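Just so you know, these numbers come straight off a predicted model, no measurement behind them. Start at 1 with the first residue, then count along the sequence.
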Amino acid sequence: MKSIFEVGNLKSNGHYALATVHQNTVYVSGQFAINPETCEKKFGTIEEETLQALKNVEMIVEAAGSKKEQILRMTLYIPDVKLWGKVDAVYKEFFVEHKPARTVVPTSELHFGFKIEIDAIAYI
């Protein structure tokens with residue numbers, strides 16, 4: 001088993017790894033819209049935050065030796081199910097033909113006030 005704690009300037013900010021790799025599978029911890037160059041929180045519209053969180057997941061998956069087309073499953077946490085249509089539009093544009101298994105979990109609020117958090121599982 002291998003833990004990934006940093007990818008570029010993205011780092012885990014607590015007692016967790018950005019990702020764990022085990023038997024050719026990468027498990028990515030929940031990602032927010034964090035600027036990967038500056039590590040600053042990148043608050044914006046739900047569309048902007050979704051795209052940045054997806055890009056961060058992609059960076060981490062690639063650092064583990066995989067790619068976004070090999071993502072098997074994703075969980076998306078959003079504070080209001082009414083945002084789902086906008087999230088799904090960005091998700092569809094990001095993945096194009098690939099359609100990983102997915103769960104959407106409406107929550108009351110997310111850490112730091114973000115509008116979305118995304119975790120993933122991919123094969124290598």
Side-chain angles (χ1 to χ4, degrees):
M1 184 169 70
K2 174 186 168 189
S3 295
I4 298 172
F5 295 99
E6 287 184 40
V7 175
N9 288 325
L10 285 179
K11 299 175 186 171
S12 60
N13 292 324
H15 191 73
Y16 67 94
L18 288 178
T20 300
V21 178
H22 180 66
Q23 295 183 346
N24 295 322
T25 305
V26 57
Y27 302 87
V28 180
S29 294
Q31 297 301 304
F32 296 116
I34 303 290
N35 181 320
E37 295 174 12
T38 64
C39 288
E40 292 178 8
K41 297 172 184 79
K42 196 172 170 184
F43 297 108
T45 66
I46 187 65
E47 294 93 342
E48 292 166 336
E49 288 192 27
T50 300
L51 183 57
Q52 186 62 64
L54 286 168
K55 286 179 178 180
N56 291 353
V57 167
E58 181 179 24
M59 281 180 55
I60 295 165
V61 164
E62 287 177 354
S66 188
K67 56 187 176 179
K68 75 179 183 182
E69 294 81 11
Q70 292 174 230
I71 293 175
L72 302 169
R73 185 178 196 295
M74 299 192 93
T75 307
L76 292 79
Y77 303 88
I78 56 176
D80 187 342
V81 76
K82 292 175 188 169
L83 297 170
W84 178 239
K86 293 177 180 182
V87 170
D88 195 45
V90 174
Y91 190 91
K92 181 179 178 181
E93 191 173 303
F94 182 80
F95 280 109
V96 187
E97 296 296 320
H98 181 54
K99 296 178 182 177
R102 175 180 74 192
T103 301
V104 178
V105 182
T107 65
S108 60
E109 64 181 67
L110 293 168
H111 200 49
F112 303 118
F114 281 108
K115 295 176 182 72
I116 191 162
E117 181 175 5
I118 303 173
D119 65 37
I121 300 171
Y123 70 92
I124 300 171

Interatomic distance, CD@Glu117 vs CG@Leu110, rounded to 0.5 Å, equals 6.0 Å
Which heavy atom of Ala64 sits nearest to which heavy atom of Ile124, and what is that distance?
O-CD1, 3.2 Å
Check: Val87 and Ile46 side chains under 4.5 Å, non-hydrogen atoms:
yes
Any pair with a residue in residues 42-64 that passes ring pair (Phe, Tyr, Trp, His ring centres under 6.0 Å), sequence neighbours left out, goes on the list, sorted by first then second residue, please.
Phe43-Phe114
If you look only at pairs with a residue in residues 34-54, which of them pass as a salt bridge (Lys or Arg N to Asp or Glu O under 4.0 Å), with sequence neighbours excluded?
Glu49-Lys115
For a quick test of reading the model, state the closest non-hydrogen atom pair linking Ala53 to Ile118 and the distance between them.
CB-CD1, 3.8 Å
ring-ring contact (aromatic ring centres under 6.0 Å, His included) partners of Phe112, counting only residues at least two apart:
none
Pairs touching residues 2-22 that satisfy ring pair (Phe, Tyr, Trp, His ring centres under 6.0 Å), sequence neighbours left out
none
Quick one: which residue pairs count as a ring pair (Phe, Tyr, Trp, His ring centres under 6.0 Å) with a foot in residues 56-82, not counting sequence neighbours?
none
What's the separation between atom CD1 in Ile121 and atom CG in Leu72, rounded to the nearest 0.5 Å?
7.5 Å
Rounded to the nearest 0.5 Å, what's the gap from CZ on Phe32 to CG on Leu10? Could you check?
12.5 Å
Identify the two heavy atoms, one from Met59 and one from Val7, that lie closest to each other, and give their separation to 0.1 Å.
O-CG1, 3.8 Å
Output yes when a side-chain donor or acceptor of Thr20 lies under 3.5 Å from a complementary backbone atom of Tyr27, and no otherwise.
no
Measure the CD1-CD1 distance between Ile78 and Ile116 for me, rounded to the nearest 0.5 Å.
6.5 Å
Please evaluate residues Ile71 and Val57 with respect to the criterion side chain to side chain contact (heavy atoms under 4.5 Å, CB included), reporting the C-alpha separation (whole Å), side-chain torsions for both, the decisive distance (0.1 Å), and the verdict.
CA-CA 10 Å; Ile71 293 175; Val57 167; 4.1 Å; yes
Measuring from Phe94:CZ to Thr50:OG1, what's the distance to the nearest 0.5 Å?
11.0 Å
Would you list the pairs meeting side chain to side chain donor-acceptor pair (under 3.5 Å) in which at least one residue belongs to residues 90-113, sequence neighbours left out?
Arg73-Thr103, Asp88-Arg102
Roughly how far, to the nearest 0.5 Å, is CG of Asp119 from CE of Met74?
7.5 Å
Which residues satisfy the side chain to side chain contact (heavy atoms under 4.5 Å, CB included) test with Asp80, sequence neighbours excluded?
Lys82, Leu83
So side chain to side chain donor-acceptor pair (under 3.5 Å) across residues 55-68, not counting sequence neighbours, yields Gln52-Asn56
